[in-house]
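Positions are given from 1, in the same order as the sequence printed here. Just follow the structure's listing: the first ligand is 1, and inside any ligand the first atom is 1.
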Amino acid sequence: MKFIKALSCATVLAGCVFSGASAADMTVGFSQIGSESGWRAAETTVTKQEAEKRGIDLKFADAQQKQENQIKALRSFIAQGVDAIFVAPVVATGWDEVLGEAKDANIPVILLDRTVDADKSLYMTAVTSDLVHEGNVAGKWLVDTTAGKPCNVVELQGTTGSSPAIDRKKGFEEALKGHDNLKIVRSQTGDFTRTKGKEVMESFLKAENGGKNICALYAHNDDMAVGAIQAIKEAGLKPGTDILVVSIDAVPDIFQAMAAGEANATVELTPNMAGPAFDALAAFKKDGKEPPKWIQTESKLYTQADEPQKVYEAKKGLGY
Ligand code: AHR
């Protein structure tokens, strides 16, 4: 029995108590962005594993980076009468209508890893990191590491209009405020991919005297940093030494780069957003208890001091 069908309340998000079905009876639709990064691929794997562990029927839809595909997927999940919808929103705006349709159908929506610019009543909860804080942690690391020395920074932004691109930029800029030795001289999107990260870094290097005017790279994710590291090496410079590299995600490949001395620091983003989301859903299903609007995951900074080779060995099997 679909638990939504057992609801007897005005809105899905206010004081509903479910009866009948257990977590194992649930069908959850998951609209994933695509597979632009190692982190994204890991999130998909972990979500499928978490669903299987709980006996949940997961309907998976890959949007191939397109919001229109995500909206179509959400409408299809609504038409199928799923018990809940998970969505990792590719961009922050443009969700009100379809989220309203899910709400009208009494289907709770949980946002995974990215936030939206929409009324909070349109979704049940968001399982995300503090995206501004992540940028802030990366910025503080650079402030401490450069210790007042002049440093031109280049920035590889994530997907334009996505919440991590907006917030990680903001948090980084906040950390640099009042530290006039640090200047962001170039900032452009690399769309969270390795290929674009390399391509854009090549253009930064060309524009900045073959890279000689660049002291640090801040990338909104590790994949873009890995692409950029390749570009730096091809330009005849040493990533990690000539150009400091700090990024976000903490995927195994960046620890390999750190172990080789080619990257300096990364901020961890867990790929397990689905575990807390399924737990919140199960609690809601059991007694109608609404989760908080934000379930925050941790953001840990890793540096060379954290034995990157060991971290790589420990992480490489975990869904990446
Ligand atoms: O929303 C999380 C971001 O999306 C990850 O940092 C990045 O790798 C991914 O593509």
Please tabulate, line by line, the atom pairs linking an N/O of ligand 1 to a protein N/O at a distance below 3.5 Å, with the distance in Å to 0.1, or answer 'none'.
from	atom 1	to	atom 2	distance (Å)
ligand 1	1 (O)	Arg40	NH2	3.3
ligand 1	1 (O)	Asp113	OD1	2.6
ligand 1	1 (O)	Arg114	NE	2.8
ligand 1	4 (O)	Arg40	NH2	2.9
ligand 1	4 (O)	Arg114	NH2	2.9
ligand 1	6 (O)	Arg168	NH1	2.8
ligand 1	6 (O)	Arg168	NH2	3.2
ligand 1	6 (O)	Asp249	OD1	2.6
ligand 1	6 (O)	Asp249	OD2	3.4
ligand 1	8 (O)	Ser37	OG	3.0
ligand 1	8 (O)	Asn221	ND2	2.9
ligand 1	8 (O)	Asp249	OD2	2.6
ligand 1	10 (O)	Glu36	OE2	2.4
ligand 1	10 (O)	Ser37	OG	3.2

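Cation-pi check for Lys315 over Phe255 is not met; the charged atom does not lie both under 6.0 angstrom from the ring centroid and within 45 degrees of its normal.
Every pair passing side-chain hydrogen bond (donor to acceptor under 3.5 Å, both in side chains) that includes a residue from residues 201-213 is listed here, sequence neighbours excluded: Arg186-Glu208, Lys198-Glu202.
Taking a 6.0 Å sphere around CD of Glu298, one finds it holds 12 or fewer heavy atoms contributed by other residues, nucleotides or ligands. Atom CD of Glu97 sits in a sparse spot, with 12 or fewer heavy atoms from other residues, nucleotides or ligands closer than 6.0 Å.
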Lys233/Ile229 under side chain to side chain contact (heavy atoms under 4.5 Å, CB included): CA gap, chis, key distance, verdict
CA-CA 6 Å; Lys233 289 202 280 192; Ile229 286 168; 4.2 Å; yes
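A side-chain donor from one of His220 and Glu155 sits under 3.5 Å from a side-chain acceptor of the other.
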